[in-house]
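Remarks on the structure that follows.
Only this structure's heavy atoms are used, side chains among them; waters, hydrogens and symmetry mates stay out. None of the values given here were measured: they were computed from a predicted structure.
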Amino acid sequence: MSDNDRYAMLIGVSTYDSDGYHDLPPVRADLHYMRAVLESTEIGMYNDCAMVAEPTRAEMLYAVEQFLEERQSSETALLYFSGHGQFCEADGQLYFLTRDADPDDLPGTAVPAEFLERMLQSCRASSKLVLLDCCSSGSVVQGWTAKGGADTAAPPAPSTLLRPGGVYFITASDALQAASAMAPEGSSLGTSRFTGEIVEGLRSGRIKEGGWITPDDLFEYLTAQMVIKGVPEEQRPTKSTIRATRSLPFARSVARPVRLPDAPRAAARADTRGGASPALLKARRLVSEDAGNGVDPQRLLRYYAHCLGAQAATGMLPDRDSGRGSAYFLLGQGPESVQSGLEHSFPAPGQLPKPRSTGAQADGAGLQEYWYGYPAITLPERGGDGRRRAAVRIAPLLVQPMELAPDEGGRDLLRPSGVPSLHSGVITELLSDDEAAELLAHWQPSWQEGNGTQMVKAVRELLTELGVPELEPLDLASLSERSVMDSLRPGAHNAAVLLAPSGMERAATEGLVDNLLQMSTRVGQIAGTALEALLAGDDRRAGTDHDATAVPVVAPGPCNESQEQVISSAMTRRLTVATGPPGTGKSEVVTAVVTTAVAAGQSVLVASTNNEAVNVVAERCDEISPGLLMRTGNVEAREREAEKLAALLAEPVEPPPRGSATVAGELRNRHARAAALRTEAAGRVGEEARLLELVRERTRRADALALPVRLLESAWSAQERAALARWEERARRAAGAGWLTLGGWRRGRALRAFMAASGNDGSGAPWPAWSSERRVPPELLLGVAEAVAVERDLRELVPAHLAWDEEALKRARLESSDASSAVSKELARSVAAEAVARGRSLMNQRLQTLRRRSGVQKSQRNLMAHLKAWAISTHSVRQLELAPKLFDLVVIDEASQCSIP
């Protein structure tokens, strides 16, 4: 073995920004001594040990990704982490805590074990060793083979990781226990127990007598040391091996102890920003580039396309328990005759979903697909918590499309319409992306038609390559469903599966994926569009705050302040998201966005996956003015659009009673009046909040003095507020006076003056004990002065607030709102009437193209010069010219139905 194909990355976090996590000083020693033994020419002989000390989440993600992606197939990769680990009950996931981890947001601020899964799966290194010195680290390997510990009777919990190839894990503790931060007995290194035992064993040669030390040797040594030293079983190491060879060399055993360099005292506390290692500096550079340049739009669009494709694939990987008899049908009786080539049809199951229509013109809602395959594969889902049964998906390994057609007797039969191929969803679940792509690209059926023996041999070769066990002997002559419905393990069963996914969903998804992939090839046209804001997560305003007020809200119907904020945001931000339960006026907001945009001379498109939602907005706009918005889309919508255009053209051209410029000026005045009333109301609300705060503060200060509030209220009650202010100033001066200036005497006189002013309230409220004491401490007099100050503020605010006519303000605001709505409606009608008058020629051209059913895209774009507002369903969006920046504003109703996270 050469000494230049072994690479390690050591990650350690000893300090945390959050007060929720205590610091771990031993981590700094862990990193130093682990690096020392691995780089030692007598022990580890690793060519490079990259150090990543005190990383943030982003820095650790980039560092691990770069390290594993750079590994080659001839190399061995070692990944080590020392720091806090935390198991999140909400998602059943272990998180490695970085310097900026937030206990209230682990998914967003810590590194999930799932990320490690993905990176290990795609890493090309032939052997990978992972050492985890953190709490709950055993949850990473739960459910894997060869797990350490004596209790083998309990069923393993579902694995957090899938099955990355050639990986050997050793962890410091089991799934839900804390790892010990104490150094091993007799060690002066200052490390944690787990790492210290590794270092001490390697440098002393106690792990093994001569030769290469394998991870198995290391694990057995660690376990023995923990047993000898009485470490609780739950805090002992655990291990897991997945496709890893037991001959994996980890380090050499030394014949005599090796002295390691001491950790430098000056660097005992890691500098989180300066003096960083090359690996950490590279990660920081990548983080900085990512923050400066934003995301890669091409990669993100293709990721979205992948998400949609994965969603469509769920119909091809149905839930075994809930999907039987609807999403799939299990064929577990008789011989397998279709893929083996013995027969070319079989009777359709009685409950098989049927297409609602047939032929090339079938409505999309009636599309239905059928896929048949053998053998059945069960795939338990990942991420369970061990307390409930994990969901199991089912699909055939080999699939081929089927056609449904009646025979001569009218009985429905299923006939193959293609050759067997690999189920891509199953393959990608079992292999890494690269391995799956290679297998899917090159696999072909190798058996002769009718030769079942050859087919079974080919299937078994596939199962071996995939690492899938044969849970039931494959026998084409006699299918069975004995093991399929009860199995909780991934494996192959001697049964066939008929899948019945919805063709409509697949067709719609394919169209969306095609659009996304097309956009990914034209990323240069994305700048300045809402798509750029969506991809980059950027919601900055397109202009200044002055620009935000330059576009007045045109709301023909009732509109509260939160709705106005949504409309203003839509007109000034590149991306706005508005949510609300049913009945909160979303359709009214969309209508107001349309009228506001049109009045501002901007083009706007309203789109939704729901035809009904689009129709509601179109009807509301027609009620305001028929020329305000044009509804287009499918054949039926275009027919109604033609009828509407013909009706508009048939009406005589009549100018509106007032021009749009005049009405817009009045609306601005109305908005100014409404803003003034809103400011007044906000001021009154602020006063009420201030009064409530003062009342609470007075009570708190009076209680601290054991002074009844009634005595405060009665002090100088018949005089002006100035009397309170004069006494407060007198009391503060007396409290600060010393004995040379007769401070004690002055404090007594001040307190007696206050008692005299408060004693005639007639309530008989008792004075506290300090009122009869001879000596008056400065603190007591200051406390009374503070309470009097609060009372003075209350007396100043209450009269003005009581004089306020709340009902008059309410009436004024309602009248202002009604007037603004009326003027907004008039403005929308004026703008629409003027647009119809100017665009009659283009409206006529559009009408002719709709009737001819040709040139509809161009005529629509031409007409947008005058008729600015359009509405369409997303299923019919190809009726529009798919060009960047076609509309100034796009409103997506029912956007929660979007399939991309």
Atom pairs and distances, donor-acceptor, side-chain atoms in residues 672-679, under 3.5 Å, two or more places apart:
unit_1, atom_1, unit_2, atom_2, d
Arg678, NH2, Glu564, OE1, 3.3
Thr679, OG1, Ala675, O, 2.9

Show me the side-chain donor-acceptor pairs of residues 839-846 shorter than 3.5 Å, one per line, residues at least two apart or across chains.
unit_1, atom_1, unit_2, atom_2, d
Arg840, NH2, Leu649, O, 2.5
Arg846, NE, Glu641, OE2, 2.8
Arg846, NH1, Val856, O, 2.6
Arg846, NH1, Ser859, OG, 3.1
Arg846, NH2, Thr632, OG1, 3.4
Arg846, NH2, Glu641, OE1, 3.1
Arg846, NH2, Glu641, OE2, 3.1

Would you sort out whether Asp622 and Lys644 count as a salt bridge (Lys or Arg N to Asp or Glu O under 4.0 Å), showing the intermediate values?
-> CA-CA 10 Å; Asp622 283 345; Lys644 180 176 177 178; 2.6 Å; yes
Audit row: Arg813, Glu680, salt bridge (Lys or Arg N to Asp or Glu O under 4.0 Å) steps and yes/no | CA-CA 10 Å; Arg813 295 194 67 189; Glu680 182 182 352; over 6 Å; no
Which is it for Leu850 and Leu645 under the side-chain contact (heavy atoms from CB on, under 4.5 Å) test, yes or no, and what are the steps along the way?
-> CA-CA 10 Å; Leu850 289 173; Leu645 286 170; 3.9 Å; yes
Walk me through it: do Glu403 and Arg415 pass the test salt bridge (Lys or Arg N to Asp or Glu O under 4.0 Å)?
-> CA-CA 5 Å; Glu403 293 180 339; Arg415 297 186 176 92; over 6 Å; no
Evaluate the side-chain contact (heavy atoms from CB on, under 4.5 Å) criterion for residues Ser587 and Arg620: first the C-alpha distance (whole Å), next the side-chain angles of each, then the deciding distance (0.1 Å), finally the verdict.
-> CA-CA 9 Å; Ser587 296; Arg620 288 181 182 274; 3.7 Å; yes
Evaluation steps, side-chain contact (heavy atoms from CB on, under 4.5 Å), between Ser608 and Ile892 | CA-CA 5 Å; Ser608 176; Ile892 303 176; 5.9 Å; no
Steps toward side-chain contact (heavy atoms from CB on, under 4.5 Å) verdict (Ile394, Val497) = CA-CA 8 Å; Ile394 186 171; Val497 178; 4.3 Å; yes
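Smallest separation of non-hydrogen atoms from Val635 and Arg853: CG1-NH2, 4.3 Å. Nearest heavy atom pair, residue Gly627 against residue Leu867, reads O-CD2, 3.9 Å. When all heavy atoms are compared, the tightest approach of Ile872 to Gly633 is CG1-CA, 3.7 Å. Contact between Arg631 and Ala618 at its shortest, heavy atoms only, is CB-CB, 4.0 Å. Heavy-atom minimum distance, Leu827 versus Ala599: CD2-CB, 4.0 Å. Looking at every heavy atom in both residues, Pro349 comes nearest to Leu414 through CD-CD1, 4.2 Å.
Counting heavy atoms from C-beta outward, Ser625 and Val831 have side chains that stay 4.5 Å or more apart. Side-chain contact check for Glu881 versus Gln860: every heavy-atom pair is 4.5 Å or farther apart. The side-chain heavy atoms of Val891 and Val604, taken from C-beta on, include a pair separated by under 4.5 Å. Between Asn634 and Ser873 the shortest side-chain heavy-atom distance does not fall below 4.5 Å. Annotation: side chain of Val598 is in contact with side chain of Leu628 (closest heavy-atom distance under 4.5 Å).
Here Arg811 pairs with nothing under the salt bridge (Lys or Arg N to Asp or Glu O under 4.0 Å) rule; sequence neighbours left out. For Arg658, the salt bridge (Lys or Arg N to Asp or Glu O under 4.0 Å) criterion is met by Glu666, Glu826, not counting sequence neighbours. Shown here are the salt bridge (Lys or Arg N to Asp or Glu O under 4.0 Å) partners of Asp888, two or more places apart in sequence or in another chain: there are none. Not a single salt bridge (Lys or Arg N to Asp or Glu O under 4.0 Å) links Arg638 to another residue, sequence neighbours left out.
When Tyr370, Tyr372, Tyr328 are each tested for a side-chain contact (heavy atoms from CB on, under 4.5 Å) with Leu499, only one passes: Tyr328.
With hydrogens and angles disregarded, a donor-acceptor distance shorter than 3.5 Å links the side chain of Ser417 to the backbone of Pro401. Ser820 places a side-chain N or O within donor-acceptor distance of the main-chain N or O of Ser816, the cut-off being under 3.5 Å. Within the 3.5 Å criterion, the main-chain N or O of Val554 finds a donor-acceptor partner in the side chain of Thr596. One N or O on the side chain of Ser824 and one on the backbone of Ala555 form a donor-acceptor pair closer than 3.5 Å.
Side chain to side chain, Ser660 and Glu834 meet the donor-acceptor criterion of an N or O pair below 3.5 Å.
For NZ of Lys825, the number of neighbouring non-hydrogen atoms (other residues, nucleotides, ligands) closer than 6.0 Å is 12 at most.
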